[in-house]
Amino acid sequence: MKFSANYVWLDGRVVKWEDAKIHVLTHALHYGTSIFEGIRAYWTGKDLLIFRLDDHVDRMFRSAKILGVKVPYTADEVRRAIIETLRANSFREDVYIRPIMFVSTPTVTLDVRMLEVSLAVIAFPFGKYLPPEGIRAAVVSWRRVSNTMLPVMAKIGGIYVNSVLALVEARNKGFDEAILMDANGYIAEGSGENVFVVRKGKIYTPPTYASILEGITRDTVIKLATDEGMYVEERPIAREEIYIADEVFLVGTAAEITPVVEIDGRTIGNGKPGPVTKKLAELYAKVVRGEVEKYLRWVTPVYST
Ligand code: PY5
């Protein structure tokens with residue numbers, strides 16, 4: 001997949017893609033002091049709809065607070081920058097949006113409190129992140145970094161080294177995706193997705209104290225399933241429980257709802273995406289395109305406002 005578009009938003013200006021450059025002594029490049037989001041916008045044929053824009057921007061500010069940096073923008077300015085980026089590129093297809101705040105001062109100090117924070121918004125056409133027909137996953141040996149060591153609730157660049165190592169381990173073993181356990185040996189999440197399991201018609205997902213990122217798609221799925229009258233519970237999930245689940249699926253902005261059909265060589269269910277996964281994936285696909293009245297509050301139109 002080649003990532004590109006015509007324009008990038010960088011510190012208040014819309015610049016050409018090839019001109020969106022930063023210095024090699026940028027703090028975030030050395031220490032991972034960046035805060036990013038992954039957001040999708042869906043083309044309906046008439047307009048481009050950003051999914052849960054406010055929630056993603058709010059999480060950015062929460063991540064900045066946790067890191068302890070001062071952001072020189074308001075949430076409204078970040079939302080407007082995102083919309084401006086999409087309009088500048090005149091996208092008429094599904095896109096992925098990557099807003100990133102990063103400590104940009106060229107310095108060696110670790111004291112980020114007074115350092116400069118830059119904001120960039122990069123957006124580009126994007127299709128599927130994982131094969132939607134179902135993936136093979138491995139529980140990897142790298143554990144999900146614990147809340148006592150790094151704030152996993154924050155989407156901070158440096159924390160992603162954990163995900164990179166996990167995914168590389170899974171791919172080296174021939175699997176599509178990694179599933180990480182937390183420090184206590186319970187299932188935490190995928191390298192870039194939250195995990196759900198279905199057993200006897202009930203849906204379970206690890207709680208926030210299992211060192212997970214509080215995913216916005218996870219929240220969406222919990223709400224959709226609950227509204228559909230399904231039973232959903234947040235509780236610790238043991239490794240062996242995912243082997244014997246009827247269905248397992250991963251959720252995230254990039255992954256959307258991806259069925260897992262095999263884990264560590266064990267077939268999940270009958271090896272095909274199960275009915276609960278399919279039902280939720282179909283509903284999610286409609287909701288993000290603004291086709292379900294009840295959830296219109298979650299979409300922000302780019303061109304018609
Ligand atoms: N857990 C981790 C570690 C994540 O990186 C992500 C998102 C999620 C869960 C799901 O969060 P949300 O539903 O809020 O997106 N991952 C990025 C994404 O855009 C991609 C990282 C490669 O989906």
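When a ligand or atom number is given, it counts from 1 through the structure's own listing order. Since this is a predicted model, take the numbers as computed values, not measurements. Atoms considered below: every heavy atom in the structure, side chains included; atoms not considered: hydrogens, waters and symmetry mates.
- For ligand 1, the polar-atom distance check against N194 finds no nitrogen or oxygen pair separated by under 3.5 Å.
- A salt bridge is absent between K286 and E282: the closest approach of a Lys/Arg side-chain nitrogen to an acidic carboxylate oxygen does not fall below 4.0 angstrom.
- Checked for salt-bridge contact, R59 and E37 meet the test: a charged N lies under 4.0 Å from a carboxylate O.
- Using a 30° and 60° split on the angle between ring planes, F196 and F249 fall in the parallel class, below 30°.
- The protein heavy-atom contact nearest to atom 1 (N) of ligand 1 is E189 OE1, 2.6 Å.
- Counting heavy atoms from C-beta on, the side chains of E193 and Y129 come closer than 4.5 Å.
- Looking at T217 and E256, their side chains never bring a donor and an acceptor atom within 3.5 Å of each other.
- Remark: minimum distance from atom 11 (O) of ligand 1 to any protein heavy atom is reached at G215 CA, 3.5 Å.
- The distance criterion of under 3.5 Å between nitrogen or oxygen atoms is met by Y160 with respect to ligand 1.
- For atom 22 (C) of ligand 1, the nearest non-hydrogen atom of the protein is Y129 OH, 3.7 Å.
- Counting only heavy atoms from C-beta outward, the side chains of W17 and F124 approach each other to under 4.5 Å.
- Protein heavy atom at the shortest distance from atom 15 (O) of ligand 1 is T253 OG1, 2.6 Å.
- Heavy-atom proximity to atom 7 (C) of ligand 1, evaluated over E214, R218, K155, R59, is greatest for K155.
- Interface of G38 with ligand 1, defined as ligand atoms under 4.0 Å from a residue heavy atom, comprises 19 (O).
- None of D47, T44, D94 except one satisfies the side-chain hydrogen bond (donor to acceptor under 3.5 Å, both in side chains) rule with R289; the exception is D94.
- The shortest N or O to N or O distance between G190 and ligand 1 is not below 3.5 Å.
- By the 6.0 Å and 45° rule, R235 stacks over the aromatic ring of Y204.
- Shortest contact from atom 18 (C) of ligand 1 to any protein heavy atom: Y96 OH, 3.4 Å.
- For E189 and R218, the salt-bridge test fails: no basic side-chain N is under 4.0 Å from an acidic carboxylate O.
- When A188, A166, G252, A254 are checked for heavy-atom proximity to atom 23 (O) of ligand 1, A254 turns out nearest.
- For ligand 1, the polar-atom distance check finds an N/O of G192 within less than 3.5 Å of one of the ligand's N/O atoms.
- Checking only distances, T217 does come within under 3.5 Å of ligand 1, N or O to N or O.
- Polar contact with ligand 1: absent for S191 (N/O pair, distance under 3.5 Å).
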